[in-house]
Trainee: 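Okay, handing you the structure first.
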Amino acid sequence: MKVIPCPSPNFNARKLPISMLVLHYTGMESGQAAIERLCDPAAQVSAHYVVEEDGTILNLVAEDQRAWHAGVSAWNGVRDVNSASIGIEIVNGGHDFGLPDFPAVQIEAVIALCQDILSRHAIHPLDVVGHSDIAPSRKTDPGEKFPWARLAAQGIGLFPEGGASEDILEEAALAQRLSTIGYDVSAAGAFSDLICAVQRRYTPADLSGQAGPHLCAMIGALSAQR
Ligand SMILES: [Zn+2]
C-alpha cells in the first residue's frame with residue numbers, strides 16, 4: 001500500500017487514545033476541491049487520510065494528532081470524536097452530486113488502508129463507523145451506496161446477517177440496543193433520523209425511518225457484539 005504525504009495544517013493534540021475509525025465521503029464536485037479545502041487553514045477541517053477515486057491514498061494528518069472531521073457528534077459515550085478517532089475522507093460527490101458509485105479500485109484502497117489501521121490500533125469492530133452513525137440528524141455520509149457489507153467481509157466493522165425473524169421492537173427497546181451499539185440515543189433530533197442512519201448502513205434499500213423485523217434482528221445482533 002502506497003501512501004502519499006499531503007500535509008494539512010488543520011490539526012491539534014489528541015486528548016483521548018485512538019479507539020474509533022470514522023469513514024466519510026467528501027461530498028464535493030471533485031477530489032481536488034476537497035483536498036484543497038481539507039488543507040486550507042481557513043476551512044478548519046481535515047482528515048487523516050483521503051482516498052481518491054483512482055485508489056490513491058493521501059496522508060494529511062499524522063495518526064497521533066487530532067484531525068478535524070467529526071464535528072458535533074457522539075459515539076459510545078465519546079463526544080470528542082476527533083480526539084478518539086482516525087478519519088478517512090473518501091472522494092465521492094455524495095448526495096449533492098448525484099450519489100455516484102464508488103469505483104472498485106477506490107474501495108480496494110479503502111479496504112487496504114482500513115486493514116492497515118486496524119492492524120496497528122485497538123479498535124473494536126463496532127467502533128468502525130460512518131459520519132452518519134455519529135451525527136445522524138446532521139450527516140448522511142458515506143451514504144447508502146458505501147459497501148459496508150464488503151468491508152465487513154474483509155474484517156472491517158460488522159455486518160450481521162439479521163435473517164431470523166425477530167418481532168418489531170418498541171422504540172424503548174430499540175433505543176436501548178442502539179445505545180449499546182454506540183449510537184447517541186439522547187441526542188436532539190427525531191428517532192426516525194436515528195433509524196434512517198442505521199438503515200443507510202445496514203438496509204440501504206429501505207430508508208423509511210421505520211425499523212421492520214429484519215432491521216430489528218440486525219440491531220439485536222449488533223448490540224450482542226458490544
Ligand atoms: Zn463526513
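Counting from 1, the numbers follow the sequence of the chain as shown. Indexing begins at 1, ligand by ligand and atom by atom, following the structure's order. Computed from a prediction, not measured in an experiment: that's the story for all the values here.
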Trainee: With sequence neighbours excluded, what pairs up with Arg79 under the side-chain contact (heavy atoms from CB on, under 4.5 Å) test?
Mentor: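 Counting only residues at least two positions away or on another chain, Arg79 forms a side-chain contact (heavy atoms from CB on, under 4.5 Å) with Ala74, Asp184, Ser186.
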Trainee: Looking only at side-chain N and O atoms, does Arg200 offer a donor or acceptor that is under 3.5 Å from a partner on Ser132?
Mentor: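 No - no donor-acceptor pair under 3.5 Å links their side chains.
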Trainee: Classify the side-chain pair His95/Glu144 by whether it contains a donor and acceptor separated by less than 3.5 Å.
Mentor: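 Their side chains do contain a donor-acceptor pair, which is all the 3.5 Å distance test asks for.
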Trainee: Going from CG on Asp127 to OG on Ser85, what distance comes out if it is rounded to the nearest 0.5 angstrom?
Mentor: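 Atom-to-atom, Asp127:CG and Ser85:OG are 10.5 Å apart.
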Trainee: Taking 2.8 Å as the upper limit, name the protein N, O or S atoms near the Zn ion (ligand 1).
Mentor: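 The answer is His24 ND1, His131 ND1, Asp141 OD2.
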Trainee: Give every residue pair that meets the ring pair (Phe, Tyr, Trp, His ring centres under 6.0 Å) criterion with at least one member in residues 36-60, sequence neighbours excluded.
Mentor: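 The answer is none; no pair qualifies.
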Trainee: Taking ring pair (Phe, Tyr, Trp, His ring centres under 6.0 Å) as the cut-off, I'd like each qualifying pair that reaches into residues 135-156, sequence neighbours left out, listed once.
Mentor: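 Ring pair (Phe, Tyr, Trp, His ring centres under 6.0 Å) check on residues 135-156 returns Phe102-Phe146, Phe146-Trp148.
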